[in-house]
Number of protein chains: 2
Amino acid sequence: MSPTATQSEATRERLIDAAGEIFAANGFRQVTVREICDRAEANIAAVNYHFGDKRGLYEAVFRHAALCAPPTQLEGPPEVRLRGAVEALLGCVFGVGRPTWYARLMMREMMEPTETLDQVVDERIRPFCDELETIVGELAGGRLADTDRRRAVRSLVAQCVYYQHCRAVIARLDPDQRFDADEQARIADHVAAFTLGGIARLASGARP
Amino acid sequence: MSPTATQSEATRERLIDAAGEIFAANGFRQVTVREICDRAEANIAAVNYHFGDKRGLYEAVFRHAALCAPPTQLEGPPEVRLRGAVEALLGCVFGVGRPTWYARLMMREMMEPTETLDQVVDERIRPFCDELETIVGELAGGRLADTDRRRAVRSLVAQCVYYQHCRAVIARLDPDQRFDADEQARIADHVAAFTLGGIARLASGARP
DNA sequence: TTGCATTTCAAATGCGCGTTTCAAAAGAGC
DNA sequence: GCTCTTTTGAAACGCGCATTTGAAATGCAA
């Protein structure tokens with residue numbers, strides 16, 4: 001062991017990685033500092049030394065996770081950009097390649113919001129939603145009021161995050177349901193089609 | 001004080017009511033037995049006496065909450081029944097009249113499923129989803145495969161529960177957003193229209 | 001009235017866990 | 001080599017909280 005600067009940094013990273021997984025899987029309260037340090041192969045005092053306290057570690061983890069934003073398709077006709085946005089969202093949820101615990105962490109943060117959530121909303125979520133509103137507006141041919149556009153964006157996002165937030169129920173209703181890349185693509189097809197239909201209906205002005 | 005059978009029952013009920021609110025608001029771990037007993041005006045030992053332990057109380061609460069199922073419109077054309085189902089779902093989420101903590105409790109249960117969730121899925125959720133599938137099938141004129149029907153039901157449900165699961169984000173994106181009965185009705189309009197459009201698009205066979 | 005069963009009460013117990021402490025290890029600068 | 005700073009290590013502290021305990025209170029039956 002050589003406690004040099006790079007070694008210290010390595011310890012920090014091991015703690016963040018271990019804590020990210022465990023926090024996402026079990027929530028803030030459930031997780032013990034001992035458990036995190038065990039997996040990170042760090043001493044019990046490392047958390048307090050590097051992050052002040054347990055909450056400081058959590059915030060570092062959340063901030064670190066928030067860095068991997070969904071990459072979106074910025075060019076092309078609105079149908080293509082819609083499809084790209086859906087895949088980006090589902091990619092976060094299904095997390096086939098990425099660190100799979102970010103979406104779960106986000107879900108937990110939504111249930112018990114802290115100040116960290118405000119930052120993430122401002123820095124990441126709002127810009128993304130603004131872009132979605134633009135796409136929806138174009139798809140509707142400019143025939144939607146602001147409120148309707150906003151609600152349509154919610155309907156779109158809802159269909160994606162549903163597979164994260166209600167996975168427990170989905171898995172029980174449909175034991176055969178898979179959550180791999182192939183299924184992700186099929187769901188993306190469905191959500192894109194359903195959303196196009198929904199927007200078309202809204203734009204047509206028909207009310208049920 | 002008269003520790004008779006009805007008094008004992010009253011204590012049980014006070015504990016369940018108090019615990020329901022507090023569990024829903026703060027989660028299982030956060031809540032202390034002391035806090036529950038304080039609000040229920042019961043002794044600290046009452047929880048262990050009546051429910052064995054804290055977990056036993058939680059399960060009793062969840063079972064009790066699961067009894068208030070969404071009342072659905074069973075007759076009429078599928079458009080009307082769809083609208084009824086949307087309102088029932090949103091009613092659970094917005095909880096304008098009902099015990100408002102059921103939806104929150106359900107959300108928590110979805111994140112950390114216990115055996116209790118299996119029962120609730122079998123007894124309440126699956127029958128409800130079966131009915132939704134029937135409605136969707138009728139709306140599509142029988143032109144949807146089972147898989148597409150199921151996904152459409154998910155898209156429908158997702159739009160409703162989104163207002164529960166992501167309320168923290170919605171409130172931050174839209175500080176003016178209200179969650180009262182009036183807004184609930186407008187959202188029901190939107191979700192019903194959006195869903196009709198989505199189903200129509202799926203039934204038309206068009207793919208993006 | 002007097003035992004008996006049920007429920008409530010206040011205090012105590014025990015323990016899990018975040019945090020602190022203080023010493024040891026290991027470079028960095030002189 | 002020697003001090004100084006940074007990082008790690010093992011053990012201990014202290015607190016919060018679920019749970020237990022044993023007695024008191026209360027109704028019921030004989």
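When reading the values below, keep in mind they use all heavy atoms of this one structure, side chains included, and skip hydrogens, waters and symmetry mates. None of the values given here were measured: they were computed from a predicted structure.
- Among the protein residues, Ala45(A) comes within range of the nucleic acid bases, having at least one heavy atom under 4.0 Å from a base atom.
- Between Arg34(A) and Asp38(A) there is no salt bridge, since no side-chain nitrogen of the basic residue lies less than 4.0 Å from a carboxylate oxygen of the acidic one.
- In this structure, Arg55(A) is positioned above the aromatic face of Phe28(A), its NZ or CZ under 6.0 Å from the six-membered ring centre and within 45° of the axis.
- The base of dG16(C) does not come close enough to the side chain of Arg34(A) for any donor and acceptor atom to sit less than 3.5 Å apart.
- Rounded to a whole Å, the CD1 atom of Ile36(A) is 8 Å from the P atom of dG18(C).
- Look at CZ on Arg29(A): it is 19 Å from P on dG16(C), rounded to the nearest Å.
- At a threshold of 4.5 Å between non-hydrogen side-chain atoms, the residues Glu133(A) and Val136(A) do not count as touching.
- Taking atom OH of residue Tyr49(A) and atom P of nucleotide dC22(C), one finds them 17 Å apart after rounding to whole Å.
- Across the protein-nucleic acid pair, Ile44(A) atom CD1 and dT7(D) atom C1' stand 16 Å apart, rounded to whole Å.
- Remark: His50(A) is in phosphate contact with dT8(D), judged by side-chain N or O atoms under 4.0 Å from OP1 or OP2.
- The separation between Asp38(A) atom CG and dA10(D) atom P is 12 Å, rounded to whole Å.
- Remark: C1' of dT6(C) and CD of Glu9(B) are 14 Å apart, rounded to the nearest angstrom.
- dT8(C) atom C1' lies 6 Å from atom CG of Asn43(B), rounded to whole Å.
- Residue Thr11(A) has no polar side-chain atom (N or O) positioned under 4.0 Å from OP1 or OP2 of dT7(D).
- Taking 4.0 angstrom as the limit, Ser8(A) places a side-chain polar atom (N or O) nearer than this to OP1 or OP2 of dT7(D).
- Cation-pi geometry between Arg167(A) and Phe179(A) is met: under 6.0 angstrom from the ring centre, within 45 degrees of the axis.
- Atom-to-atom, CD of Gln30(B) to P of dG18(C) comes out at 13 Å; the value is rounded to the nearest Å.
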